[in-house]
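First the structure, in the form of structure tokens, and then the observations on it.
These values consider heavy atoms only, across backbone and side chains, with no hydrogens, waters or symmetry-generated copies. A note on names: the letters A, B, ... follow the listed sequences, proteins ahead of strands, and every chain is numbered from 1.
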Amino acid sequence: MSDYLARLNPEQRLAVETLDGPLLVLAGAGTGKTRVLTTRFAHILLTKRAWPSQVLAVTFTNKAAREMRERVAAMLGTPVEGLWLGTFHALGARMLRRHAALAGLQPGFSILDTDDQLRLLKPLMQQAGLDLHRFPPPVLMGQIQRWKDRGLTPSRITPAEDTDFAQGKARALYAAYQERLAAVNAVDFGDLLLHTTELLRTHSDVLAAYHRSLRYILVDEYQDTNLVQYLWLRLLAQEHRNICCVGDDDQSIYSWRGAEVENILRFEQDFPGAQVVRLEANYRSTTPILAAAASLIAHNEGRLGKTLRAGRAESDGEKVAVIGLRDSDEEARMVGLRIEGLRSEGHSLAEIAILVRASFQTRAFEERLIAWAIPYRVVGGLRFYERAEIRDAIAYLRATLRPGDDLAFERILNVPRRGLGDAALRKLHERARAEERPLAAAAEALHDAGALSGRVREALASLLGGFARWRAVLARDGHVVALKTILDESGYLEMLEKDRSPEAPGRIENLRELGRAMAEFETLEGFLDHVSLVMENDENAAGDRVSLMTLHAAKGLEFDTVFLPGWEEGLFPHQRALEEAGTKALEEERRLAYVGLTRARTRAIVSHVGFRRFYSGWQNAFPSRFLDELPAEAITRSGAALLEREAALTAAPVFSAAFPSSAFPSSAFPAAARFPRVRDVPAEGQGEARRQRRGTPIAVGARVFHQKFGYGTVTGSDEDRLDIEFEKEGRKRVLDRFVEPA
DNA sequence: GTTCTTCTCCTTTTT
DNA sequence: GGAGAAGAAC
């Protein structure tokens, strides 16, 4: 027996050695999921069942892909080339480049970011005569994305599915959007899988070729796949059926991004004859932490069912601490103090994490950690390539490389400011549309025709001249030199150098970093793909620092000590989940709590507060229902009684709509039943004066007078606002106290 | 065309 | 509270 197999427990070994036919590995938190995946991969190669190029291994994050690549290489003792290993999107992009023509694209297509997508969509919506205030482009973009997540091309959408947006205009706009994308030779993230799946569906020869070459399929985090990813996998696996999906239905936390837990729940029906292996021995956490997590998640229905059992020898340990505090400032202080304590006991800061529900919570902790000089890093947030200066630089490169890349051209047309504003852009668009040419070509034509005023003409000439030069530099000296030249000659660098804001030096440094990153690529094309698909922001990655991140970002990580602040109704579970009908959203929140607890190896500290800083003011809060779902024997509670008394003493009878009563089933929270839910704490009561003004309510349809706008008719109302159709001024929304009955 | 002011919004965000 | 967008004023 090879020694890499000997290192596995029996269930892990079964998961590695069951190579023929469909296999679902249900891997609970901390049960060695990554080890199983990488060992299985290496096992396939070492037993010569397939060549590296015949295995498809797919993950969700670049990090997971990188880790798998490294660990497989380590097991084989040699770096492996030619693997189909990567994220869904990276692999989709790779396939799509191979068969671009079949999807109506050229192989050099661009991959758009969110900004670009909206820039493309907006004008289409305007052309359709939509009021962009009533119908915000991001909402439509979201609808289109959801369709793409479900593998729906415009032609597959039925009218019945197109009722949510602007009286059924979404489908047509989606079709127009796809046409525009093709016209500028671009795709968005969703397209990487949508086009590829569509292509495999309709070109049996292409599909057959992949069936011949890809003999084994490995899928990580299967519970997070959406429908189009599922379809893609099923198409690729349908011939040989050697598909192994690893996942945990209890850790499905991305349904809002289109993930369908049903994929994992349905696996045995989708792949008849599938075998299922459960990994239940947890090697990560202590008994109390496991008990707390297990008891919590047991409140969810519709699970595939796993029971984590302690796999560690020294698995006894500290109970989970549940701490109630007065307010969120005190919570931050408590966390900071405890971190200080751990540090002085010699614990490494890198083994400590603060996991929050919503990103705004990080700020309070950051302030505290800064004040006490505790090094920390915020994980997540803006990725490197999402920064404005990086996107600008890339837009310059794209526009240089691809003269037809309208979106890139438009992005930098007036960055830095060169007097080419909206008016000039509109002209370019008109010309471009009339002649069906790219913006840059239209610009050239307009310029040559002498149809522009002096200033605009000069600015445009200089920019177009720049592109011509930069193209030559790119061809002659390569992309790194081209970037430097562009940043210099376009005035972009100068703009940043003149910028006195505190961010400016960092931006310049980011651009240098971009140059360094580019140097690692042979071609600009290769680099551009890398930057939109793979590049991440790993500054601050090194060093002994506390990690601060959202629960979502923490999935897959583990720490000795985990702080879980903000376990309060309305925050966690989040208000939106509470308002939703049914229990689906609430169960996802619970899974998020489960993910949080199971990140901890030896110490978990859960906290909740009575008053939380919220936007400008304060809101009072009540302990999360999840706290009641933790078993008494696995936790120690402190501070809760104090908290309740405090709430009783200070609560005032002001009701706010922010936390509807449905959030607080009185059975679960006696305190909540007795006391009002939410109030503004800042006592000096500025809030009151406003509220008392409610005199005679003004009904819809009433004729009213407004000091500034004159006479009008009320067409609608919302809280203390009235929508009024004014005779002179048109429709406006005003505060009710400024109008009087006419 | 740029700059100042006002209004509006505020969960999570693997690629 | 604070960011970002839209509108008004320059």
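For the pair A:Arg590 and A:Phe626, the cation-pi test (distance below 6.0 Å, angle within 45°) is failed. Stacking of A:Arg94 on the aromatic ring of A:Trp84 is recorded, both the 6.0 Å distance cut-off and the 45° axial limit being met.
Regarding A:Glu579, its CD atom lies at a distance of 10 Å from the P atom of B:dT11, rounded to whole Å. Rounding to whole angstrom units, CG of residue A:Leu578 and C1' of B:dT11 are separated by 12 Å. Rounded to a whole Å, the CG atom of A:Leu193 is 13 Å from the P atom of B:dT15. Rounded to whole angstrom, the span from the CZ atom of A:Arg257 across to the C1' atom of B:dT15 amounts to 7 Å.
Between A:Arg576 and the phosphate of B:dT11, there is a side-chain N or O to OP1/OP2 separation shorter than 4.0 Å. Here A:Arg417 reaches the OP1 or OP2 of B:dT3: one of its side-chain N or O atoms lies under 4.0 Å away. Side-chain N/O atoms of A:Ser359 include one lying less than 4.0 angstrom from OP1 or OP2 on B:dT12.
Aromatic stacking is marked for A:Trp256 over B:dT12, as both cut-offs hold: 5.5 Å for the centres and 30° for the planes. Aromatic stacking is not marked for A:His89 over B:dT15, as the cut-offs of 5.5 Å for the centres and 30° for the planes do not both hold.
A salt bridge between A:Glu588 and A:Arg591 is present, with a side-chain N of the basic residue lying under 4.0 Å from a carboxylate O of the acidic one.
Residue contacts for A:Gln229: at a heavy-atom cut-off of 4.0 Å it reaches no nucleic acid atom on any strand shown. No contact: A:Arg418 has no heavy atom under 4.0 Å from any strand.
Glycosidic conformation, B:dT11: syn, with the torsion inside 90° of 0.
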